[in-house]
Amino acid sequence: MPFPIHRPRRLRASERLRSLVRETRLDPAQFILPLFACPGEGVRREIGAMPGNYQLSVDEIVTECAELKRLGIGGTILFGLPESKDDQASGAYADDGIVQRAIGAIRREVPGLLVVTDVCNCEYTSHGHCGYIRPGDRDGVVDNDVTLDWLAKTAVSHARAGADMVAPSDMMDGRVAAIRRALDGNGFSNVPIMSYAAKFASVFYGPFREAAESTPQFGDRRSYQMDPANGREAMHEIALDLEEGADIIMVKPAMPYLDLIAAARRRWDVPIAAYQVSGEYSMIVAAARNGWLDHDRAMMESLTGIARAGASIILTYFAKPAARLLG
Ligand code: PBG
């Protein structure tokens, strides 16, 4: 008697059947594209380590956002490159700061596109750390409580400019509660917080730091970002952020931490976002440029894996090419 064909094999016999039984589908509406706003006009400066991504002046950001809307992409998350940096990160919370201006322009010219803002200080401090560092401290130990005040002011200024949602990425203790309190106190109780809850001290942020010009001038971020070895601690960080009022929790990076996305999915019934970070993007693009990997298949397989693990929202530099492929 011939060996019987088992059921899964039978269901793979044609693309129609494979599509029928497919468990995970991607939708451009679940993607968020990170964009980098810089001063000037008509500026479109490609980021060396992230081909296909640019530092964009506000007018170019608007053009890009119109394209995102056409492609049905879920939204954008904005990062800013200020005119100048200082030890108080004042560009982060200035009402006419670069991100605040970009938000206003998108609101006016691309109504209906979801605008999320990254709330952090590392692009705005002269030393590139995510918060206040006492003069003379070369270890990069951030003063948590002074930093909370900056973050709260930044979140409120983004909301005032018209942001739909704020996303604190700094990893200070108590920041979600501080931001929630500040938003509520200023009439923005309807603005949700997507918290970078489990954010690891990762080498995969390398290309981003070139894009955002935010490489720490001394020390590193290990005193405030998590040790890649610690999964249980990540669950603890997520629990704390939820208690403080986070509406959406994020795991970052994505691919090396799929176990944590899956664990969080089982444990909590809130929306989970994953950030496929710059290094994850650049690895695939570099390998594809060398002819070592098929770009589109590697892109889609990586995104599918992140969704299958349990993330319903994916921040990804592949948002546009992936949306075009899905469209
Ligand atoms: C800011 C921030 C970083 C990223 C997002 N927000 C950089 C960092 O923590 O060094 C990295 C994103 C990426 O690599 O794509 N704190």
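Residue numbers run from 1 in the order of the sequence given. In listed order, ligands and their atoms are each counted from 1.
- Aromatic pair Y93/H158: centroids not less than 6.0 angstrom apart.
- Residue Y317 approaches ligand 1 through these ligand atoms, each under 4.0 Å from one of its heavy atoms: 12 (C), 13 (C), 15 (O).
- Atom CD of E46 has more than 12 heavy atoms from other residues, nucleotides or ligands within 6.0 Å.
- Side-chain N/O atoms of Y132 and D145 include no donor and acceptor closer than 3.5 Å.
- Shown in contact with C122 at under 4.0 Å from a heavy atom are these atoms of ligand 1, numbered in order with element: 1 (C), 16 (N).
- Not a single heavy atom of E280 lies less than 4.0 angstrom from ligand 1.
- Listed by atom number, the atoms of ligand 1 under 4.0 Å from S169 heavy atoms are 1 (C), 2 (C), 6 (N), 16 (N).
- Counting only N and O atoms by type, the side chains of Q276 and S302 include a donor and acceptor under 3.5 Å apart.
- Scanning the protein heavy atoms around atom 16 (N) of ligand 1, the nearest turns out to be K199 NZ, 3.0 Å.
- Distance from atom 4 (C) of ligand 1 to its nearest protein heavy atom, with residue and atom name: K252 NZ, 2.6 Å.
- For F208 and F36, the distance between ring centers is under 6.0 angstrom.
- Counting only heavy atoms of the protein, atom 12 (C) of ligand 1 lies nearest to F208 CD1, 3.4 Å.
- S90 and D86 share a side-chain donor-acceptor pair at under 3.5 Å.
- Salt-bridge check for R175 with D241: passed, with a basic side-chain N closer than 4.0 Å to an acidic carboxylate O.
- Residue-ligand proximity, C120 to ligand 1, at heavy-atom distances under 4.0 Å covers atoms 1 (C), 16 (N).
- Less than 4.0 angstrom separates some heavy atom of Y275 from each of these atoms of ligand 1: 12 (C), 15 (O).
- Remark: minimum distance from atom 14 (O) of ligand 1 to any protein heavy atom is reached at S278 OG, 2.7 Å.
- No more than 12 heavy atoms of other residues, nucleotides or ligands lie within 6.0 Å of CD in E23, so this atom counts as exposed by the packing criterion.
- Where the criterion is an N or O separation shorter than 3.5 Å, residue side chain and backbone included, Q225 meets it with respect to ligand 1.
- The D118 neighbourhood of ligand 1 comprises atoms 6 (N), with distances under 4.0 Å to a heavy atom of that residue.
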